[in-house]
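First the structure, in the form of structure tokens, and then the observations on it.
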Amino acid sequence: METKNQNQNKKPHQVNKETSRLSLLTKFHAGYFRISFALCGQALLWKTLRELSTNARVLRPFLLLLPSTAFILLWSLACISLLMLCLLYIARCLTRFESVRAEFRHHVGMNYLYAPWIAGLLLLQSAPFIGPHNVLYIFLWWVLTLPIIALDIKIYGQWFTRGKKFLSMVANPTSHLSVIANLVAARAAAEMGGKEAALCLFSVGMVHYIVLFVTLYQRFLGSDSLPFMLKPVFFLFFAAPSMASLAWRSIVSSFDTSCKMLFFLSLFLFASLVSRPTLFKKSMRRFSVAWWAYSFPLTALALAATEYAQEVTSEIPNLLMLILTVLSVTVTLILMLFTAIRMNDLLPHDDPFACCLILHRSRK
């Protein structure tokens, strides 16, 4: 009897010892690519600012204060973070494949499967040593874009062919990531001279953005299925039109009226969200990786403001560019600081997709 009791007492410790090695991979998910997503966006922002013409008078004194190696360090940090997260996710796929399948079935988790490819495309566009007409650039663009097209066919197909996967049933703010992925790929294609590919990706992204925007605006069923800690993803509402203005600017080689309209729409949506701080009150009580959802939308808006200031050379656009750029950089620095000092709060206490995994097993 004593030996049985001893074995029973040891079992929990043994189980904890065995599972602790893989607990990180169980709790880890594609949502953590928000971090590299944001850092790669910052790298693209700083590359754009370094290449500004003399029209950007307001930012010129600040840019001259930065050493030339600052951008290289930022890009390297973004690259390292993306590689580390990719290695972790590959390990998750190899050891926790059922959890990955459950993530793919989750109405929020499946949208973040676009995030690593978006981050890779942003990193490619901001690379300091590869030009857009380089053979390596074109090769990497295909490597990063083909998974986006595959996800489009899978997810967009579900939206209008499967009852439980209809857009009206699964739509939520993270669904904008599928649109952003197409727009980022379109911008990268336009930069390397692939105008037809850019137009194709842009048209697919914008058509689905219009449908998605109307769905969320009219009924907003998806918002009810979001836990309060994920409310920062509402900032993706203005990230999509910001990226659309940048993509169209690269396609037509000028910040024309269409770009300005999309930029003004993103400004309006940004103002609508920041005027409702109570929407984010509960999500800000405890630090989580979801806070990183604030960074990239602000960066995309700052990028669009930068292009607008280049086209409209007056004081107000330059001031707007300065405010949004400082806001984007400040938010990213704060998030980096919180991440460094609150590492223990990054991982959830359980498997975030356990419910989908249990449902899948019950159907079997």
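Model, not experiment: these values are computed from the prediction.
- Contact of the L82 side chain with the C79 side chain is not registered, since no non-hydrogen atoms from C-beta on lie closer than 4.5 Å.
- Note that the CG atom of L269 and the OG atom of S272 stand 6.0 Å from one another [nearest 0.5 Å].
- Remark: S81 OG to L39 CG distance equals 4.5 Å, nearest 0.5 Å.
- In summary, the side chains of Q42 and S328 do present a donor paired with an acceptor at a separation below 3.5 Å, with no hydrogens or angles considered.
- Using a 4.5 Å cut-off on side-chain heavy atoms (C-beta onward), H208 and I155 make no contact.
- Between L201 and T145, the closest side-chain pair of non-hydrogen atoms falls below 4.5 Å.
- For R34 and F296, the positive end is not near the middle of the six-membered ring at less than 6.0 Å and at most 45° from its axis.
- In this structure, F213 has its ring center closer than 6.0 angstrom to the ring center of Y217.
- Aromatic ring pairs are classed by plane angle as parallel below 30°, tilted from 30° to 60° and perpendicular above 60°; the pair F28 and Y32 is parallel.
- Classification of the Y294-F280 ring pair by plane angle, with boundaries at 30° and 60°, yields perpendicular.
- By the 4.5 Å heavy-atom criterion applied to side chains, H106 and H29 are not counted as neighbours.
- A single hydrophobic cluster is seen to contain both F104 and I153, as judged by linkage of ILVMFWY side chains at heavy-atom distances under 4.5 Å, directly or through other members.
- Here I80 sits in one hydrophobic cluster together with M84; the rule is ILVMFWY side chains under 4.5 Å apart, joined directly or through other members.
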Candidate pair Q310 and F255, rule side chain to side chain contact (heavy atoms under 4.5 Å, CB included), full reasoning: CA-CA 8 Å; Q310 288 290 95; F255 205 82; over 6 Å; no
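- Between G193 and H133, the shortest heavy-atom contact is N-CE1, 4.3 Å.
- Using a 4.5 Å heavy-atom cutoff, the side chains of N111 and N172 are in contact.
- Around the CD1 atom of I316, the shell of radius 6.0 Å holds no more than 12 heavy atoms that belong to other residues, nucleotides or ligands.
- Between E307 and F263 there is no side-chain heavy-atom pair separated by less than 4.5 Å.
- Partners of V100 according to the side chain to side chain contact (heavy atoms under 4.5 Å, CB included) rule, which considers only residues two or more places apart in sequence or in another chain, are Y89, R92, C93.
- Separating the CG atom in L327 from the CG atom in L298 is a distance of 5.0 Å, to the nearest 0.5 Å.
- By the rule that hydrophobic residues join a cluster once side-chain heavy atoms approach within less than 4.5 Å of another member, V274 and W291 end up as members of one cluster.
- Heavy-atom contacts from other residues, nucleotides or ligands closer than 6.0 Å to NZ of K195 number 12 or fewer.
- Residue L94 is found in a hydrophobic cluster whose other members, listed by chain and number, are I90; membership requires side-chain heavy atoms under 4.5 Å apart, directly or through intermediates.
- Using a 3.5 Å distance cut-off with no hydrogens or angles, the side chains of Y114 and N182 do not pair a donor with an acceptor.
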Worked verdict on V233 versus Y112 for side chain to side chain contact (heavy atoms under 4.5 Å, CB included): CA-CA 11 Å; V233 300; Y112 274 100; 3.4 Å; yes
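- L273 and F264 fall within the same hydrophobic cluster, where Ile, Leu, Val, Met, Phe, Trp and Tyr residues are linked whenever their side-chain heavy atoms come under 4.5 Å apart, directly or through other members.
- Closest non-hydrogen pair, P297 versus F238, comes out as O-CE1, 3.3 Å.
- With a 4.5 Å cut-off between side-chain heavy atoms of Ile, Leu, Val, Met, Phe, Trp and Tyr, the cluster of V207 takes in none.
- Across all non-hydrogen atoms, the minimal contact from S245 to A304 is OG-CB, 3.6 Å.
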Show me, pair by pair, the donor-acceptor contacts under 3.5 angstrom made by side chains of residues 120-131, not counting sequence neighbours?
from: Q125; atom 1: OE1; to: R187; atom 2: NH1; distance (Å): 2.6
from: Q125; atom 1: NE2; to: L121; atom 2: O; distance (Å): 3.3
from: Q125; atom 1: NE2; to: V184; atom 2: O; distance (Å): 3.4
from: S126; atom 1: OG; to: W75; atom 2: NE1; distance (Å): 3.4
from: S126; atom 1: OG; to: L122; atom 2: O; distance (Å): 3.0
from: S126; atom 1: OG; to: L123; atom 2: O; distance (Å): 3.1

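- One distance of note links CG of L183 with NE2 of H176; it measures 10.5 Å at 0.5 Å rounding.
- Listed here is the closest heavy atom pair of L324 and A305: CD1-CB, 3.6 Å.
- Tracing side-chain contacts under 4.5 Å through hydrophobic residues (I, L, V, M, F, W, Y), one reaches F268 starting from L246; they form part of the same cluster.
- To the nearest 0.5 angstrom, F270 atom CZ is 15.5 Å from F237 atom CZ.
- For the ring-ring contact (aromatic ring centres under 6.0 Å, His included) condition, the pairs that include at least one residue of residues 177-206, sequence neighbours left out, are F202-W248.
- The nearest pair of heavy atoms linking L113 to L151 is O-CD1, 3.7 Å.
- Cluster membership check: L73 does not share its hydrophobic cluster with L77, using side-chain heavy-atom separations under 4.5 Å among Ile, Leu, Val, Met, Phe, Trp and Tyr.
- S203 contributes a side-chain N or O that, together with a main-chain N or O of C200, makes up a donor-acceptor pair within less than 3.5 Å.
- The CZ atom of R342 lies 8.0 Å from the CZ atom of R286; values are rounded to the nearest 0.5 Å.
- Using a 3.5 Å distance cut-off with no hydrogens or angles, the side chains of Y156 and S178 do pair a donor with an acceptor.
- Contact between L144 and W117 at its shortest, heavy atoms only, is O-CB, 3.7 Å.
- Residues T325 and M321 have side chains in contact (heavy-atom distance under 4.5 Å, counting atoms from C-beta outward).
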